[in-house]
Asker: 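I'd like to ask some things about the structure below.
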Amino acid sequence: MRLSHYFMPILRDDPKEAEIVSHKLMLRCGMIRQEAAGSYSWLPMGFRVLKKIEQIVREEQDRAGAIEVLMPTIQPADLWRKSGRYDAYGKEMLRIKDRHDRDMLYGPTNEEMITDIFRQGVQSYKDLPRNLYHIQWKFRDEVRPRFGVMRGREFLMKDAYSFDVSREAGQHSYNKMFVSYLRTFARMGLKAVPMRAETGPIGGEDSHEFLILAETGESGVYFDRDFFDMDWSAFDIDYDDVAAVVKVVDDFTSKYAATDEKHDPAEFEKRVSESHRLAGRGIEVGHIFFFGTKYSEPLGCEVQGPDGKKVPVHSGSYGIGVSRLVGGIIEASHDAAGIIWPEPVAPFKVGLINLKVGDADTDAACLNIYKALEGKGVEVLYDDRDDRPGAKFAVMDLIGLPYQVIVGPRGLKEDKIEIKNRKTGARKTITVQEAGDYRNISDFIEY
RNA sequence: CGGAGUGUAGCGCAGUCUGGUAGCGCACCUGCUUCGGGAGCAGGGGGUCGGAGGUUCGAAUCCUCUCACUCCGACCA
């Protein structure tokens, strides 16, 4: 993409309304624009990141055996009247009437609907287990939205719902989601620590929150520093291997980790040596629940067992805050100059900086590099605007693409171009010859 | 939902107390000089002051109502 043709309204100063760093940076980079309290338009830069995160979530859900569906944002109230939650949900639920004066609502969640879908489609234990998920916009009319996309009213969320024939099978479904969450967040460059959570008003038998560390997190967290030394990437696991899945879950739940709600200082001191005790703040990016039959019994969500009798299914629900993750990743990965995107979610991999637009040699070199990278499938944002070098550097650092390829007349005189790693600041210089007249430039960009 | 505050140019703000017909910085446009870490000079365009009503010869400024947004608290992915 050529920057001269792109839509990326950069702000030089922090907008007044933004409190936290991710909100400021997202506005300054032109990733989002606020349309109403807690409701945002996603501009091209932000949209690209959102889509990448969504896709990683999708791939890992699929890999763990979940099946994607899509349910509407606008739901009939009747469904919620049946579950008794239409009145219970309160003002957080946005209620709407259609032209026939029927009560509708903008879904704050889809539990009722997915349960209905499941009941209609599954009658026999032979059809279990199943895990259905969707990635959809939801609306909760929060009293006080804030922190940009971290706590908006409209937000993109992945919800999965598992249905199993027995407690043991349900636990395995829960464990699979647990492991898939580790994989999902690790792929985004995050260490999301699983912490035992209050099941809260939703209730159920088991629940874990996944939190990433950030100063602006909404929860206090206490955990064993061993988490940082664990291998977060080696879960190339066979999800059907029950024992292997259990082992990973056990590994990650054996260490102490708790939010302030569940924190027990005495236990913390007992289980974790002083030098390993870490305390900080965390942002919740995922939350999983195992309900058992808590909901299926009252809702009559049953299947016919081998003996012909109806048995309530064991269910679980699993959420990931997709839009929230955009802000969360920035909170966890930025510096004074701007965002530092982890490569898998970066809007572009490479920022190509033409330091002297209009200089024939520089223009030609940049164009060659641009074409070579695009030809190799490397996403590149080419700053071909007629602007001063300093401004270009500042903008490129601000938007935080992982690598910058810097080309100017001064370097080209010696047949040299420069590659900078945004995260480490490391720079290396390569010659045009080394890059095979730019054709192999992608080989020199570290991945 | 309680408390506090703010709405003036794309962004950040001054002007409001003490009414006289809107200003600054950045951004933007033109030209010249500059050009490896947010350049300099000169010239220029853009707002009717959140909205409605009222007071007044005259309202960004005073009064009434209203809408929106922000912050603190309680709540929450």
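Just so it is clear: chains get the letters A, B, ... in the order the sequence lines come, proteins before strands, and each one is counted from 1. Please read these numbers as outputs of a predicted model, since none were measured by experiment.
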Asker: Atom CZ of Phe139(A) to atom P of C76(B): distance rounded to whole Å?
Answerer: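 In whole Å, C76(B) P and Phe139(A) CZ are 18 Å from each other.
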Asker: Of the nucleotides A77(B), C69(B), G38(B), which has the atom closest to the Ala36(A) side chain?
Answerer: C69(B)
Asker: Which part of the nucleic acid, if any, lies within reach of Gly152(A) when heavy atoms closer than 4.0 Å are counted: base, sugar-phosphate only, or nothing?
Answerer: base
Asker: Under a plain distance cut-off of 3.5 Å, with no hydrogens placed, do Gln55(A) and Arg58(A) share a side-chain donor-acceptor pair?
Answerer: yes
Asker: To the nearest angstrom, how far is Asn354(A) atom CG from G36(B) atom P?
Answerer: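 The distance from CG of Asn354(A) to P of G36(B) comes to 13 Å, rounded to the nearest Å.
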Asker: Do we see a donor-acceptor contact under 3.5 Å between the side chains of Asn110(A) and Lys138(A)?
Answerer: yes
Asker: Can you find a side chain N or O atom of Gln34(A) that sits less than 4.0 Å from OP1 or OP2 on U70(B)?
Answerer: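 Checking U70(B) against Gln34(A), a side-chain N or O does come within under 4.0 Å of OP1 or OP2.
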Asker: Give Lys392(A) one of three labels, base, sugar-phosphate or nothing, depending on what nucleic acid heavy atoms sit under 4.0 Å from its own.
Answerer: nothing
Asker: So, is Lys16(A) near the phosphate of C11(B), with a side-chain N or O under 4.0 Å from OP1 or OP2?
Answerer: no
Asker: With the six-membered base ring of A77(B) as reference, does the ring of Phe155(A) sit under 5.5 Å away with planes under 30° apart?
Answerer: yes
Asker: Should Arg144(A) be listed as having a side-chain N or O under 4.0 Å from OP1 or OP2 of C72(B)?
Answerer: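 Affirmative; the distance criterion is met.
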Asker: Between U66(B) and G15(B), how far is it from one P atom to the other, in whole Å?
Answerer: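 Pairwise P distance, U66(B) against G15(B), rounds to 28 Å.
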Asker: Have a look at Phe348(A) and tell me which of Tyr370(A), Tyr382(A), Tyr6(A) forms a ring pair (Phe, Tyr, Trp, His ring centres under 6.0 Å) with it.
Answerer: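 Testing each of Tyr370(A), Tyr382(A), Tyr6(A) against Phe348(A), the sole residue satisfying ring pair (Phe, Tyr, Trp, His ring centres under 6.0 Å) is Tyr6(A).
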Asker: Rounding to the closest angstrom, what is the interatomic distance between G23(B) and G73(B) at atom C1'?
Answerer: 38 Å
Asker: In whole angstroms, how far is the C1' atom of G10(B) from the CZ atom of Phe7(A)?
Answerer: 11 Å
Asker: Using Watson-Crick or G-U wobble geometry with both distances below 3.5 Å, tell me the partner of A22(B), or none.
Answerer: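 WC or wobble partner does not exist here.
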Asker: Whole angstroms only, please: what is the CG-P distance between Leu27(A) and C69(B)?
Answerer: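 Checked: the CG to P distance equals 15 Å.
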Asker: Determine the interatomic distance between P on A9(B) and the same-named atom on G47(B); round to the nearest Å.
Answerer: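 Nearest-Å result for A9(B) against G47(B) at atom P: 11 Å.
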Asker: Could you work out the separation of U64(B) and C28(B) based on their C1' atoms and round it to a whole Å?
Answerer: 40 Å
Asker: Any donor-acceptor pair, under 3.5 Å, between the side chain of Arg410(A) and the base of G37(B), if you only look at N and O atoms?
Answerer: no
Asker: Base, sugar-phosphate alone, or nothing: which one does Gly319(A) contact when heavy atoms must sit under 4.0 Å apart?
Answerer: nothing
Asker: Using the ring centroid of each side chain, check whether Phe178(A) and Phe210(A) are separated by less than 6.0 Å.
Answerer: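 Distance test on ring centres: under 6.0 Å, yes.
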Asker: Considering every strand and a 4.0 Å limit on heavy-atom distances, what is the contact class for Gly411(A): base, sugar-phosphate, or nothing?
Answerer: base
Asker: Look at all strands and tell whether Lys158(A) reaches a base, only sugar-phosphate, or nothing, counting heavy atoms closer than 4.0 Å.
Answerer: nothing
Asker: Can you check whether Arg146(A) has a side-chain N or O nearer than 4.0 Å to OP1 or OP2 of C71(B)?
Answerer: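 For C71(B), OP1/OP2 do not have a side-chain N/O of Arg146(A) under 4.0 Å.
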Asker: Watson-Crick or G-U wobble partner for G43(B), using a 3.5 Å limit on both distances?
Answerer: C29(B)
Asker: With distance as the sole criterion, is a donor-acceptor pair present between the side chains of Tyr161(A) and His134(A) under 3.5 Å?
Answerer: no
Asker: Measure up the Trp137(A) and Trp42(A) rings against each other and bin them: parallel (under 30°), tilted (30 to 60°), perpendicular (over 60°).
Answerer: tilted
Asker: Can you see whether Tyr256(A) has Arg277(A) sitting over its ring - NZ or CZ less than 6.0 Å from the centre and within 45° of the normal?
Answerer: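 No cation-pi geometry.
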Asker: Going by purine N1 to pyrimidine N3 plus the second Watson-Crick contact, or the G-U wobble pair, all under 3.5 Å, which nucleotide sits opposite G38(B)?
Answerer: none
Asker: Check whether any side-chain nitrogen or oxygen of Arg12(A) sits under 4.0 Å from OP1 or OP2 of G38(B), and answer yes or no.
Answerer: no
Asker: So does Asp397(A) reach the base of G37(B) with its side chain, donor to acceptor, closer than 3.5 Å?
Answerer: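 Under the 3.5 Å cut-off, the side chain and the base do form a donor-acceptor pair.
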Asker: Where each residue is assigned the nucleotide of RNA chain B containing its nearest heavy atom, which of Phe393(A) and Val149(A) is assigned the position nearer the 5′ end?
Answerer: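 Comparing both residues, the 5'-ward one is Phe393(A).
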Asker: Rounded to whole Å, how long is the line connecting atom CE of Met157(A) with atom C1' of C76(B)?
Answerer: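 For the pair Met157(A) CE and C76(B) C1', the rounded distance is 11 Å.
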Asker: Can you check the distance between U16(B) and G58(B), where both ends of the measurement are the P atom (answer in whole Å)?
Answerer: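 Between the two P atoms, the distance is 22 Å.
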Asker: Parallel, tilted or perpendicular: which fits the ring planes of Phe291(A) and Phe289(A), with parallel below 30° and perpendicular above 60°?
Answerer: parallel
Asker: Using a distance-only criterion (donor-acceptor N/O pair, under 3.5 Å, no hydrogens), is the base of G38(B) paired with the side chain of Arg28(A)?
Answerer: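 Such a pair is found, so the answer is yes.
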Asker: What I want to check is whether an N or O donor and acceptor connect the side chain of Arg140(A) with the base of C75(B) at under 3.5 Å.
Answerer: no
Asker: Determine, for Lys420(A) against Asp397(A), whether the closest basic-nitrogen to carboxylate-oxygen distance falls under 4.0 angstrom.
Answerer: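 A salt bridge links Lys420(A) with Asp397(A).
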Asker: Taking the C1' atom of each, how far is G40(B) from U70(B), in whole Å?
Answerer: 38 Å
Asker: If U64(B) has a Watson-Crick or G-U wobble mate with both distances under 3.5 Å, name it; if not, just say none.
Answerer: A52(B)
Asker: Considering Watson-Crick and G-U wobble pairs with both distances under 3.5 Å, what does A14(B) pair with?
Answerer: none
Asker: Would you indicate what Val285(A) reaches in the nucleic acid, counting non-hydrogen atoms under 4.0 angstrom: base, sugar-phosphate, or nothing?
Answerer: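 No contact.
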Asker: Quantified in whole Å, what is the C1' atom distance between nucleotide C1(B) and nucleotide C76(B)?
Answerer: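 Straight-line distance between the two C1' atoms is 14 Å.
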Asker: Does Ile406(A) reach a base, just sugar-phosphate, or nothing at all? Heavy atoms under 4.0 Å.
Answerer: base
Asker: How long is the line joining CD of Glu54(A) and P of A77(B), in whole Å?
Answerer: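 Distance check: Glu54(A) CD to A77(B) P gives 21 Å.
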Asker: Report all side-chain donor-acceptor pairs from residues 13-27 of chain A shorter than 3.5 Å, counting only partners two or more places apart or in another chain.
Answerer:
residue: Ser22(A); atom: OG; partner: Glu331(A); partner atom: OE2; Å: 2.7
residue: His23(A); atom: ND1; partner: Gly148(A); partner atom: N; Å: 3.4

Asker: With both distances kept under 3.5 Å, what pairs with A59(B), Watson-Crick or G-U wobble?
Answerer: none
Asker: Base, sugar-phosphate, or nothing for Glu142(A), non-hydrogen atoms under 4.0 angstrom?
Answerer: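 Contact class for Glu142(A): base.
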Asker: Taking atom C1' in both A60(B) and A14(B), what distance in whole Å separates the two?
Answerer: 12 Å
Asker: Would you call Phe223(A) and Phe228(A) a side-chain contact if the rule is heavy atoms closer than 4.5 Å?
Answerer: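 Phe223(A) vs Phe228(A): side chains touch.
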Asker: A74(B) C1' sits how many Å from Lys91(A) NZ, rounded?
Answerer: 15 Å
Asker: In whole angstrom, give the distance that lies between atom CD of Glu19(A) and atom C1' of U70(B).
Answerer: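 Going from CD in Glu19(A) over to C1' in U70(B) covers 9 Å.
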Asker: More 5' along RNA chain B: Gly321(A) or Asp14(A), using each one's nearest nucleotide?
Answerer: Asp14(A)
Asker: Restricting both atoms to N or O, compile the protein contacts to nucleotides 31-34 of chain B shorter than 3.5 Å, with distance only.
Answerer:
residue: U34(B); atom: O2; partner: Arg388(A); partner atom: NH1; Å: 2.6

